[in-house]
Amino acid sequence: MLKNLNLEVLTPSGWSRFGGIKKTEKESFLYIKTAKTEIKCSYEHKLKFPNGEFLEAQFIDVGDILAEVGEVISIEEIIEKIDVYDLLNVELNNEYYTNGFVSSNCAHIEKFADIWEAARPTI
């Protein structure tokens with residue numbers, strides 16, 4: 001896990017600071033395509049709908065309309081290992097763009113900066 005990076009990520013509300021990047025290895029993933037773009041993501045990865053709600057990728061269906069990228073034209077389950085990455089504590093609404101998809105900051109941790117500063121000397 002990389003923490004306390006001095007980077008920003010593009011969000012629907014503009015550029016935003018975030019607290020770090022979490023890497024996780026998965027045994028399988030979903031490959032979701034729209035006419036505009038595509039994403040490889042975990043089953044639990046949350047994607048945004050035009051009404052502002054987020055739904056885990058495993059519950060999204062072909063024909064669903066997603067915010068920013070439009071209609072889902074295919075979803076394929078891929079059984080092979082993949083590293084997935086999640087941003088920690090995105091300051092602007094805990095959401096950001098991933099290949100054009102609006103993703104939720106799934107790894108949001110309340111008071112992350114305080115926890116990190118307290119734990120850092122022992123790590």
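What you see is a predicted model, and the numbers here were worked out from it, not measured in a lab.
Here the shortest heavy-atom pairing between Leu66 and Phe101 reads CD1-CE2, 3.7 Å. Minimum heavy-atom separation, Phe49 to Ile65: CD2-O, 3.2 Å. Smallest separation of non-hydrogen atoms from Ser28 and Ile82: O-CG2, 4.3 Å. When all heavy atoms of Asn93 and Ser13 are compared, the pair lying nearest together is ND2-OG, 3.1 Å. The minimum heavy-atom distance linking Lys22 with Leu88 is given by the pair CB-CD2, 4.2 Å. Contact between Lys36 and Glu68 at its shortest, heavy atoms only, is NZ-O, 3.3 Å.
Taking CD of Glu80 as the start and NZ of Lys26 as the end, the distance is 15.5 Å to the nearest 0.5 Å. In this structure, CZ in Phe29 is found 13.5 Å from NZ in Lys81, a value given to the nearest 0.5 Å. Between Leu87 atom CG and Ile21 atom CD1 the span is 6.0 Å, to the nearest 0.5 Å. Annotation: the span from Lys40 atom NZ to Ile32 atom CD1 amounts to 13.0 Å, rounded to 0.5 Å. A distance of 9.0 Å separates CD1 of Ile75 from SG of Cys41, quoted to the nearest 0.5 Å.
Within a 6.0 Å sphere centred on CD of Glu53, other residues, nucleotides and ligands contribute 12 heavy atoms or fewer.
No chain of hydrophobic side-chain contacts below 4.5 Å, direct or via other Ile, Leu, Val, Met, Phe, Trp or Tyr residues, connects Val69 to Val102. Side-chain heavy atoms closer than 4.5 Å link hydrophobic residues (I, L, V, M, F, W, Y) into clusters, and following such links, possibly through other members, connects Val72 to Phe59. A continuous path of hydrophobic side-chain contacts links Leu7 to Tyr96 [ILVMFWY only; heavy atoms under 4.5 Å]. Hydrophobic clustering keeps Val84 apart from Ile39 (ILVMFWY residues linked when any side-chain heavy atoms are closer than 4.5 Å, directly or through intermediates). In terms of hydrophobic clustering, with Ile, Leu, Val, Met, Phe, Trp and Tyr side chains grouped at heavy-atom distances under 4.5 Å, Trp15 and Tyr97 are assigned to a common cluster.
Taking the salt bridge (Lys or Arg N to Asp or Glu O under 4.0 Å) definition, one finds that Asp83 meets it with Lys23, sequence neighbours left out. In this structure, Ser16 has no side chain to side chain donor-acceptor pair (under 3.5 Å) partners at least two apart in sequence or on a different chain. Shown here are the salt bridge (Lys or Arg N to Asp or Glu O under 4.0 Å) partners of Lys48, two or more places apart in sequence or in another chain: Glu95.
Using modelled atom types, one side-chain atom of Asn99 and one backbone atom of Glu38 make a donor-acceptor pair closer than 3.5 Å.
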* Tell me, with the steps shown, if Leu47 and Phe54 meet side chain to side chain contact (heavy atoms under 4.5 Å, CB included). => CA-CA 5 Å; Leu47 298 171; Phe54 285 88; 5.6 Å; no
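You'll find the side chain of Phe18 stays beyond 4.5 Å of the side chain of Asn89, heavy atoms only. A 4.5 Å side-chain heavy-atom check between Thr11 and Val9 finds at least one atom pair inside the cut-off.
Between the side chains of Tyr43 and Glu56, not a single donor N or O lies within less than 3.5 Å of an accepting N or O.
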